[in-house]
Amino acid sequence: MFHRRPAPGEPPFVHVGDRVATGAEVGLVEAMKTFTPVVADRAGVIRAVHVEDARVVEYGQALFDLEPEPTAGWGAS
């Protein structure tokens, strides 16, 4: 089960349009009463949330669209 909130009644970890840092917690997956944090694998902006709070999810299912932050290229100042 996917949880968008750290606890019932709390606001979601992230909303569409939020900027997140690498490693930021964006949700929780619950399996057999064990909660595993879902973290951003890179810095970027949340562009879509594909799963509502407290919904069953499958392995490999997309949870978010995360647009990566642009990286400075060669010669950037």
Distance from R19 atom CZ to E69 atom CD, nearest 0.5 Å? 4.5 Å
Side-chain donor/acceptor of D18 to backbone N/O of I46, under 3.5 Å: no
If you define the side chain from C-beta out and look only at heavy atoms, does anything of D41 sit under 4.5 Å from L66? yes
Rounded to the nearest 0.5 Å, what separation is found between the OG1 atom of T34 and the CG atom of L28? 12.0 Å
Please identify each residue that fulfils salt bridge (charged side-chain N to carboxylate O under 4.0 Å, His left out) with R42, with sequence neighbours left out. none
Determine whether V49 and V16 make a side-chain contact, defined as any pair of heavy atoms from C-beta on separated by less than 4.5 Å. yes
Please name the pair of heavy atoms, one in A62 and one in H50, separated by the smallest distance, quoted to 0.1 Å. O-CB, 3.5 Å
Write down the atom of V51, the atom of Q61, and the distance for their closest heavy-atom approach. CG2-NE2, 3.6 Å
Please report the C-alpha distance between F35 and H3 in whole Å, then the side-chain angles of each, then the deciding distance to 0.1 Å, and finally whether the ring pair (Phe, Tyr, Trp, His ring centres under 6.0 Å) criterion is met. CA-CA 9 Å; F35 293 85; H3 297 279; 5.6 Å; yes
Min side-chain heavy-atom separation R55-F2 under 4.5 Å: no
Flag side-chain contact, heavy atom, 4.5 Å: L63 against V38: yes
Minimum heavy-atom distance V20-A40, with the two atoms named: CG2-CB, 3.9 Å
Closest heavy-atom pair, P6 versus P11, reported as atoms and distance to 0.1 Å, is CD-O, 3.4 Å
If you count every heavy atom of other residues, nucleotides or ligands that lies below 6.0 Å from E10 atom CD, does the total exceed 12? yes
Over all atoms of both residues, closest heavy-atom pair of F13 and R5: CE1-C, 3.5 Å
Could you tell me whether the side chain of V57 reaches within less than 4.5 Å of the side chain of M1, counting heavy atoms only? no
Take E67 and R47 through the salt bridge (Lys or Arg N to Asp or Glu O under 4.0 Å) test and state the conclusion after the steps. CA-CA 6 Å; E67 180 182 315; R47 292 296 179 203; 2.8 Å; yes
